Amino acid sequence: MSKTAEIGDIENEVPLLQMLGEEFIISLNGKFFIDILRNIDCPSIRIRYAGQNSPIVLLPDDSLMSSLFLITPVRTHNK
């Protein structure tokens, strides 16, 4: 979910095919994340998460592609 003063709340969902490990919550630049998803020429990707202060790693799920994308988390104030 994203909030802006001009637009209001924005929410995007990305289908999840498989999850290994524990659930987590992380804040990141949603526009940057969606731009990467739209421009990866692959039907599915792997998302790797190593901890709260580590970047998210996006890997195309295609053995012929050697791309790697990193998105750093955004620190937020939890209420």
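Count residues from 1 along the sequence. Nothing here was measured: the structure is a model prediction, and the numbers come from that model.
Applying the side chain to side chain donor-acceptor pair (under 3.5 Å) rule to pairs touching residues 24-35 yields K31-D35, sequence neighbours excluded. Each salt bridge (Lys or Arg N to Asp or Glu O under 4.0 Å) pair with one or both residues in residues 16-29, not counting sequence neighbours, would appear here, but there are none. Contacts classified as salt bridge (Lys or Arg N to Asp or Glu O under 4.0 Å) and involving residues 43-55 (residues at least two apart or in different chains) are given here: R46-D61. Judged as a ring-ring contact (aromatic ring centres under 6.0 Å, His included), the pairs with a partner in residues 43-73 (not counting sequence neighbours) are, in order, F24-Y49. Residues in residues 25-47 take part in no ring-ring contact (aromatic ring centres under 6.0 Å, His included) pair, two or more places apart or across chains.
Atom OG of S44 sits about 11.5 Å away from atom CG of L37, to the nearest 0.5 Å.
Side-chain contact between L59 and L68: present, with at least one pair of heavy atoms (C-beta onward) separated by less than 4.5 Å. V57 has its side chain out of reach of I47: every pair of non-hydrogen atoms, C-beta onward, lies at least 4.5 Å apart.
In the hydrophobic cluster analysis, where Ile, Leu, Val, Met, Phe, Trp and Tyr join through side-chain heavy atoms closer than 4.5 angstrom, I36 is grouped together with I34. Cluster annotation: L28 is connected to I40 through the hydrophobic network of ILVMFWY side chains, with a link wherever side-chain heavy atoms come within less than 4.5 Å.
With sequence neighbours excluded, the residues satisfying side chain to side chain contact (heavy atoms under 4.5 Å, CB included) with T72 are P55.
I26 and S54 get closest at one heavy-atom pair: CD1-O, 4.5 Å.
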